[in-house]
Amino acid sequence: MCGIVGYVGPRPVVELLIPGLARLEYRGYDSAGLAIQQQDSIAVIKQVGRIADLEHALSLSPLPEGHTGIGHTRWATHGAPNTINAHPHRDCTGSVIVAHNGIIENWADLRSELIAGGHEFASDTDTEVVAHMLEDLADLPLAEAVRSVMKRTDGALALVVMRASDPDLLVGARRGSPLVVGKGDGENFLASDIPAFLEHTRRMVVVDEDRVVEITKESIRITDLEGTELPLEERVIEWDLEAAEKGGFSTFMEKEIHEQPRAITDTLRGRIRRDGLVDLSELGLDPERLRIVDKVYVVACGTSFHAAMMAKYAIERWVRLPVEIDIASEFRYRDPVLDSNSLVIAISQSGETIDTMAAARYAKAQGCLLIGVTNVVDSALARESNAVLYTRAGPEIGVAATKTFTTQLVALQLLGLYLAQVRGSRDEGSLVHLAAAVRSLPKLVEEALQASTDIEDISQKFAHTRDVFFLGRSGDFPVAMEGALKLKEIAYLRAEGYAAGEMKHGPIALIEPGVLVVGVATDTHVRAKTISNMQEMKARGATIVMVVERGHEQEAEEVADHVLTVPPGPDLICTVTAVVPLQLLAYHIATAHGLDVDKPRNLAKTVTVE
Ligand code: G6P
């Protein structure tokens with residue numbers, strides 16, 4: 001998501017901030033900006049688009065030289081990607097400057113309060129509230145004012161601020177979003193990530209949760225929110241630049257797989273109320289509009305289609321509405337029966353896939369209610385939809401979808417629970433119970449990730465396997481389909497995802513020694529049936545891997561050569577955890593073959609052709 005870099009020192013700051021921002025490009029962004037401290041004021045320049053667009057704007061109206069400044073790349077969450085919403089943001093007087101990475105959950109309340117107090121807002125962002133709050137605290141030392149802001153804001157924040165009245169001082173703060181200090185000689189840096197300053201210094205200090213940091217060119221001071229000074233723990237960075245961008249992981253895909261707990265936390269943020277019920281009032285849909293829906297269609301492509309499969313099971317079970325799912329390229333040409341009582345949910349992480357967009361436009365033209373689920377703010381799908389539900393996975397660089405998939409599953413689970421609540425199809429107690437399980441997913445996924453090393457070991461054994469089946473029933477069926485797709489995409493193996501009960505109607509003819517069959521059996525009400533289907537595979541000589549919930553290892557061991565466990569949880573919600581070992585399996589098999597998992601052959605991240 002957003003990237004921040006700040007500098008205090010003797011060097012001309014623009015020449016440091018622009019390359020620093022370029023090193024953070026991998027985080028994804030849609031606009032960029034700089035703020036440079038002058039004698040008694042702060043100059044700001046912002047530009048929608050790429051860093052090259054910002055450089056072009058600078059060439060037309062250069063900033064005066066300065067030695068303290070902040071640069072920011074924005075990945076839109078609140079407010080469209082445009083120049084006004086680009087960071088840094090200012091207070092009413094222009095003397096307080098703020099760059100932010102994250103989401104301020106209570107921004108709407110804070111904004112109303114500040115407007116009532118006479119502040120005027122220039123942007124639609126959540127960030128701008130911080131500048132105006134700091135304006136009201138102009139009498140306090142800047143770090144103390146930032147501590148006070150931190151106590152009044154909820155959500156994820158990494159802030160870097162400066163004030164015209166405090167030359168050569170940057171104050172940063174962190175909760176939820178990353179922030180690191182680069183320690184130089186007679187100069188210091190503050191950034192979202194190490195690559196922003198790695199060519200200038202290898203010495204760094206991590207800013208921990210709920211800490212405020214003050215940097216000048218000679219000093220670094222970290223305090224907690226009460227103002228107590230804390231010792232600095234300096235580290236030396238051993239990685240090179242490329243490794244640093246990958247956060248110490250060897251590929252972006254591996255990094256993104258491991259980012260899933262954080263991505264899911266962000267996707268959940270602010271969407272489950274204190275009383276335990278889901279709140280998607282952000283969709284801006286009249287509950288009455290949702291109550292007249294009599295049929296649901298879910299359309300998507302690729303991995304997003306597997307999220308659609310899970311959505312079908314969840315909406316049918318929780319909302320008791322009939323749901324049809326379609327591959328978008330089929331939907332648009334098959335003349336589906338749609339009317340104004342139909343709800344069409346279009347899922348696309350990029351929000352640009354041409355087939356999904358065509359299906360969405362077709363549905364809207366038929367008068368359907370269109371809800372878009374996407375990871376990209378203001379994407380074509382977001383603009384086309386009557387309501388948008390954003391996943392907040394952050395940019396995904398690896399071509400094969402991982403964190404965008406699991407956050408789609410979570411977003412769709414929230415949507416299913418919200419529809420059930422609005423339509424009264426389930427009692428509140430059971431909705432609260434299910435929402436609590438969704439809320440626990442970051443922790444459960446974290447636990448599922450801990451099996452990575454075991455899966456790596458097992459994967460070595462399958463390095464020469466050519467044919468793989470992934471089988472599951474009910475909520476495990478989309479998981480099996482996704483496991484097979486991941487293996488096809490990045491390891492180039494012939495892999496088929498199948499409904500476990502369907503194997504006997506044909507594909508079982510392909511089972512013989514040497515074939516690997518991965519059975520997913522986390523859905524409680526069909527577990528025994530899936531396991532007995534796996535017996536049928538074993539009897540024909542297949543090698544068996546089973547994915548089951550912890551506590552069911554024994555049943556699985558009776559059939560499987562290898563058992564992978566995931567933490568237990570309610571049916572359907574567990575799809576999110578069950579897919580993690582399959583992502584890891586595909587990843588480790590592909591890397592055992594020495595393949596480039598981030599850029600698989602023949603594939604594009606966003607497909608804008610039919
Ligand atoms: C491409 C990608 C897949 C992705 C699919 C749908 O084929 O390689 O990983 O699942 O597009 O993309 P979307 O952006 O619509 O979710």
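Indexing begins at 1, ligand by ligand and atom by atom, following the structure's order. We use all heavy atoms of the structure for the numbers below, so side chains are in, but hydrogens, waters and symmetry mates are not.
- The protein heavy atom nearest to atom 9 (O) of ligand 1 is Val399 O, 3.5 Å.
- In the candidate list Gly398, Ser350, Ala346, Ser350 is nearest to atom 14 (O) of ligand 1, counting heavy atoms.
- With a 4.0 Å heavy-atom cut-off, ligand 1 is reached by the backbone of Ala604 but not by any atom from C-beta on.
- The closest side-chain donor-acceptor pair between Asn375 and Thr391 falls under 3.5 angstrom.
- Using bins of under 30°, 30° to 60° and over 60° for the plane-to-plane angle, the ring pair Phe249/His258 lands in the parallel bin.
- Close contacts between ligand 1 and Thr303 involve ligand atoms 10 (O) [criterion: under 4.0 Å to a heavy atom].
- Closest to atom 12 (O) of ligand 1 among all protein heavy atoms lies Thr353 OG1, 3.4 Å.
- At least one side-chain heavy atom of Val517 sits less than 4.5 Å from a side-chain heavy atom of Leu471.
- A distance-only check finds a donor-acceptor pair linking the side chain of Asn85 to the backbone of Asp124 [under 3.5 Å].
- In terms of protein heavy atoms, atom 7 (O) of ligand 1 is closest to Val607 CG2, 3.8 Å.
- The nearest heavy-atom contact from the protein to atom 11 (O) of ligand 1 is Lys605 O, 3.9 Å.
- Classification of the His87-His72 ring pair by plane angle, with boundaries at 30° and 60°, yields parallel.
- Checked against the 6.0 Å centroid threshold, Tyr390 and His78 do not count as a close aromatic pair.
- The single protein non-hydrogen atom nearest to atom 16 (O) of ligand 1 is Ser304 OG, 2.6 Å, given as residue, atom name and distance.
- Remark: ligand 1 and Gly302 share no N or O pair separated by less than 3.5 Å (distance only, no angle test).
- Of all atoms in ligand 1, numbered sequentially from 1 with element shown, those under 4.0 Å from a heavy atom of Glu489 are 9 (O).
- Remark: ligand 1 and Gln349 share an N or O pair separated by less than 3.5 Å (distance only, no angle test).
- The neighbour count for Arg383 CZ, taken as heavy atoms of other residues, nucleotides or ligands under 6.0 Å away, is above 12.
- Between Thr251 and Tyr587, the side chains place a donor N or O and an acceptor N or O closer than 3.5 Å (distance only, hydrogens not considered).
- At the shortest separation from atom 5 (C) of ligand 1 among protein heavy atoms lies Cys301 O, 4.1 Å.
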